[in-house]
Number of protein chains: 2
Amino acid sequence: MGTAFEKFHQYLRSRGLKLTSERKNILKKVVSIHDHFDAEELLYMLKEDGKQISRASVYRTLNLLVDSNLVEKVDFGEGRAYYEHTLGNYHHDHLICVECGKVIQFEDQVIEKRQKDICKKHKFELDYHTLNIFGRCSECNNGRREEDASTS
Amino acid sequence: MGTAFEKFHQYLRSRGLKLTSERKNILKKVVSIHDHFDAEELLYMLKEDGKQISRASVYRTLNLLVDSNLVEKVDFGEGRAYYEHTLGNYHHDHLICVECGKVIQFEDQVIEKRQKDICKKHKFELDYHTLNIFGRCSECNNGRREEDASTS
DNA sequence: ATGCGTGCAAATACTTTGCATGCCC
DNA sequence: GGGCATGCAAAGTATTTGCACGCAT
């Protein structure tokens, strides 16, 4: 758990940046959230905890955290960015219900491996990836007939 | 090629919507673009062709096209949506170079199949998916030493 | 004819940025 | 003490929406 701070501190130093109390508080909060969240939610949680941190700092720090690989930016196609920390979490992908918005996380080694192979084939140096599968979850799907099996 | 219009027309009818000349022109342009594009680019191309179509109509029609499965919305994490039509194109995923912005399309049946299996396991009805792999392309990668093989 | 669609401009939503001041190293 | 960071508000993007008029069915 201390590792996250060390990593971040190291990242900041390597760029001549500083580990301020705001950044510390943001990182502390971020690693405590074991789910995805967006910038506004994070800002709200920090305020709830009595931390007075500006919206600008939250956005700025999230960018740094993404850059330092401590946080992943995920995109659910909602026109806003979600984030999740990468600690302990092996990387995971998402099943996103277009009906109720529920997000189910999963991870699959076959797909991970296959991606690496594809990158190798294209001489592409893999950094990270995002795989989102959109559809309807089992609950929202109840009492529905199938309509199309077209797109994959 | 006429099929796209039939499909769209059918989709519109099924919703009590109309096939206007604006929608026709937008669809015609969209199917002619064999690459991804964003709303502004599309608007610009239409203007170039001498079509006077408003930004609002472009955005509105793109949403209809996505809804009717003729067009796919893809997200490169740039804070804006890209689109590509789904005609003839079997679905494809993307390798995105974070350095030069180049986008390489690929498709892999193993991954496609695996996704279907995962959905089945979660009783999730698959609609569509987006898989973006970010990293550095072979050109941008030249003369670089590898630094981290951490995240996948 | 009826009602959906269009264009325009304003509104909204998310994120970034300029500037004066504050604080880490 | 110097320079990066912060907070604020304003600016910047991307996209949506209300309204009056126009056109497809």
Side-chain angles (χ1 to χ4, degrees), chain A residues 5-6 8-30 36-47 50-68 71 73-83 101, chain B residues 5-6 8-30 36-47 49-68 71-83 101:
Chain A
F5 288 90
E6 285 162 26
F8 194 38
H9 200 174
Q10 184 179 336
Y11 164 83
L12 291 171
R13 251 177 310 185
S14 76
R15 299 209 159 195
L17 307 178
K18 290 164 187 171
L19 183 57
T20 63
S21 70
E22 285 84 357
R23 287 177 181 165
K24 262 187 257 179
N25 280 321
I26 290 172
L27 177 54
K28 199 192 300 180
K29 194 72 207 176
V30 163
H36 50 85
F37 58 89
D38 66 27
E40 293 299 320
E41 284 165 359
L42 179 56
L43 177 62
Y44 181 76
M45 292 182 214
L46 288 165
K47 286 216 183 304
K51 317 284 189 207
Q52 281 308 328
I53 300 179
S54 71
R55 169 171 287 108
S57 288
V58 168
Y59 275 98
R60 284 192 273 234
T61 302
L62 279 172
N63 285 339
L64 292 174
L65 288 170
V66 168
D67 221 55
S68 65
V71 166
K73 190 172 181 173
V74 289
D75 214 313
F76 297 149
E78 288 187 35
R80 110 183 115 230
Y82 282 90
Y83 300 88
Chain B
F5 289 89
E6 285 162 27
F8 194 39
H9 200 173
Q10 184 179 338
Y11 164 82
L12 291 171
R13 251 177 310 186
S14 76
R15 299 207 159 199
L17 306 178
K18 291 165 187 171
L19 183 57
T20 63
S21 68
E22 286 84 357
R23 287 178 182 163
K24 263 186 259 181
N25 279 320
I26 290 172
L27 177 55
K28 199 191 302 181
K29 193 73 206 175
V30 162
H36 51 84
F37 58 89
D38 67 27
E40 293 300 321
E41 284 165 359
L42 178 57
L43 177 62
Y44 181 76
M45 293 182 213
L46 287 164
K47 286 216 185 304
D49 290 359
K51 316 284 188 208
Q52 281 308 328
I53 300 180
S54 70
R55 169 171 287 106
S57 287
V58 168
Y59 275 98
R60 284 192 272 234
T61 302
L62 279 172
N63 286 338
L64 291 174
L65 288 170
V66 168
D67 221 55
S68 65
V71 166
E72 233 173 61
K73 190 173 182 174
V74 289
D75 213 313
F76 298 150
E78 288 187 33
R80 109 185 115 230
Y82 282 90
Y83 300 87

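From a predicted model like this one, the values you see are computed outputs, not experimental measurements. Within every chain, numbering begins at 1; the chains are lettered A, B, ... in the order of the sequence lines, protein sequences first and strands thereafter.
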Could you check how far CD of Glu41(B) sits from P of dT15(D), rounded to whole Å?
11 Å

Separation of Glu78(A) atom CD from dT16(D) atom C1', in whole Å?
16 Å

Quick check: on DNA chain C, is the nucleotide nearest Gly16(B) upstream (toward 5') of the one nearest Lys18(A), or the reverse? Name the residue that is more 5'.
Gly16(B)

Shortest non-hydrogen contact between Phe5(B) and Leu27(B), atoms and distance:
CD2-CD2, 3.8 Å

Which value, rounded to the nearest 0.5 Å, describes the distance between Lys29(B) atom NZ and Asp49(B) atom CG?
3.5 Å

Euclidean distance, atom OH of residue Tyr82(B) to atom C1' of dT15(D) [Å, nearest integer]
15 Å

Pull out every residue in residues 21-30 of chain B that has a heavy atom closer than 4.0 Å to any atom of DNA chain C, ordered by number, or say none.
Glu22(B), Arg23(B)

d(CZ, Arg80(B); C1', dG12(D)) in whole Å
13 Å

Please confirm whether the backbone N or O of Ser21(B) pairs with a side-chain atom of Asn25(B), one donor and one acceptor, at under 3.5 Å?
yes

Separation of Ser68(B) OG from Arg15(B) CZ (nearest 0.5 Å):
9.0 Å

Salt bridge (charged side-chain N to carboxylate O under 4.0 Å, His left out) partner of Glu40(A), chosen from Arg55(A), Arg80(A), Lys47(A):
Arg55(A)

Between NZ on residue Lys51(B) and NZ on residue Lys24(B), distance to nearest 0.5 Å
11.0 Å

Taking the ring of Tyr82(A) and the ring of Phe76(A), is the distance between their centroids below 6.0 Å?
yes

Interatomic distance, CZ@Arg23(A) vs CG@Leu17(A), rounded to 0.5 Å, equals 5.5 Å

With rounding to the nearest 0.5 Å, note down the distance linking CZ in Arg13(A) to CD in Gln10(A).
6.5 Å

Both Leu12(A) and Ala81(B) contact DNA chain D. Which one's nearest nucleotide lies toward the 5' end?
Leu12(A)

Per nearest nucleotide of DNA chain D, the residue lying toward the 5' end, Leu19(B) or Asp38(B), is Asp38(B)

Please report the closest heavy-atom contact between Lys73(B) and Ala81(B), naming both atoms and the distance.
CE-CB, 3.6 Å

Chain A footprint on DNA chain C, 5' to 3' - any atom under 4.0 Å from a heavy atom:
dC14(C) to dC25(C)

From CG of Leu46(A) over to C1' of dT6(D), roughly how many Å is that when rounded to an integer?
14 Å

Measure from CZ on Arg55(A) to P on dA9(D) and round the result to the nearest Å.
11 Å

Interatomic distance where OH belongs to Tyr44(B) and P belongs to dT13(D) [whole Å]:
18 Å

Give, for atom CG of Asp67(B) and atom CZ of Phe8(B), the distance between the pair rounded to the nearest 0.5 Å.
10.0 Å

Using a strict heavy-atom distance below 4.0 Å, which residues from residues 58-65 of chain B are in contact with DNA chain C?
Arg60(B)

